[in-house]
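Right, one structure below, let's go through it.
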Amino acid sequence: MAQFEARTSAESGRVVVSLAGECDLSVRDELTTALLAAVGTSRMVVVDLGALSFLDSSGLHGLVTAYHAAQRDRGHLYVVNAGGVVADLLDLTGVAELLSPPADGTRPGGDHRHA
C-alpha cells in the first residue's frame, strides 16, 4: 500500500488540503473523501501538492471530481506547488491549466509548479 497523507487546515477564508506521499489507486477513496469534504466546507479550496511524490490517473480523477463539485457549488479548487513527475503529469494531461490559480494577483498559495 502506498504511503499517503491528506491534511486539511483552514486558512484565512479558504481550506488548504496538503497531500504528501504517493497518490494512487490504493488511496483513491481517502483522497476523494478529503477533497469533497473540503469543497463542502469552503468555497475556496487550495490543494498543496508540494510533498506529493507520485500521482496516477486515479489521483487525477479525484482532483477533477472535486473541481467539478466546487464548480457546482460556485466555488473554486486550485492546485499549487506541484513538482517533478506530479507537475509533469498535470501538465501532460491539461489538468495543470484547469486547476491553476488565477494569474491576476489573487493567487491563493503559489504557483502550480516549482521553477
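What you see below is based on every heavy atom in this structure, not just the backbone, and it leaves out hydrogens, waters and symmetry mates. This structure is a prediction, so every number in the text was calculated from the model and none was measured.
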Search all heavy atoms of [X] against all heavy atoms of [Y] and return the closest pair with its distance.
{"X": "G21", "Y": "L52", "answer": "O-CD1, 3.3 Å"}
{"X": "G13", "Y": "S42", "answer": "O-OG, 4.0 Å"}
{"X": "G59", "Y": "C23", "answer": "CA-SG, 3.8 Å"}
{"X": "V86", "Y": "S53", "answer": "CG2-C, 3.9 Å"}
{"X": "L25", "Y": "S58", "answer": "N-OG, 3.1 Å"}
{"X": "T32", "Y": "G62", "answer": "OG1-CA, 4.0 Å"}

Euclidean distance, [Y] [atom2] relative to [X] [atom1], rounded to 0.5 Å:
{"X": "D29", "Y": "T33", "atom1": "CG", "atom2": "OG1", "result": "6.0 Å"}
{"X": "T65", "Y": "L77", "atom1": "OG1", "atom2": "CG", "result": "10.5 Å"}
{"X": "D56", "Y": "R28", "atom1": "CG", "atom2": "CZ", "result": "10.0 Å"}
{"X": "L19", "Y": "F4", "atom1": "CG", "atom2": "CZ", "result": "4.5 Å"}
{"X": "H61", "Y": "L31", "atom1": "NE2", "atom2": "CG", "result": "11.0 Å"}
{"X": "L90", "Y": "E97", "atom1": "CG", "atom2": "CD", "result": "12.0 Å"}

- Test applied, side-chain contact (heavy atoms from CB on, under 4.5 Å); reference residue, L99; option that passes from L63, V47, L49: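 Among L63, V47, L49, the one that satisfies the side-chain contact (heavy atoms from CB on, under 4.5 Å) with L99 is L63.
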- Can you tell me if D48 uses its side chain to pair, donor with acceptor, with the backbone of G50 under 3.5 Å?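 Side chain of D48 to backbone of G50, a donor-acceptor pair under 3.5 Å: yes, one is there.
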Treat each ILVMFWY residue as a node, draw an edge where side-chain heavy atoms are under 4.5 Å apart, and state whether [X] and [Y] are in one component.
{"X": "V39", "Y": "V64", "value": "yes"}
{"X": "L98", "Y": "L89", "value": "yes"}
{"X": "L55", "Y": "L36", "value": "no"}

- Residue pair S9 / E11, side-chain heavy-atom distance below 4.5 Å: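 Yes; the side chains approach each other to less than 4.5 Å.
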- Can you check whether T93 reaches L60 side chain to side chain, under 4.5 Å on heavy atoms?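 Yes. Closest side-chain heavy atoms under 4.5 Å.
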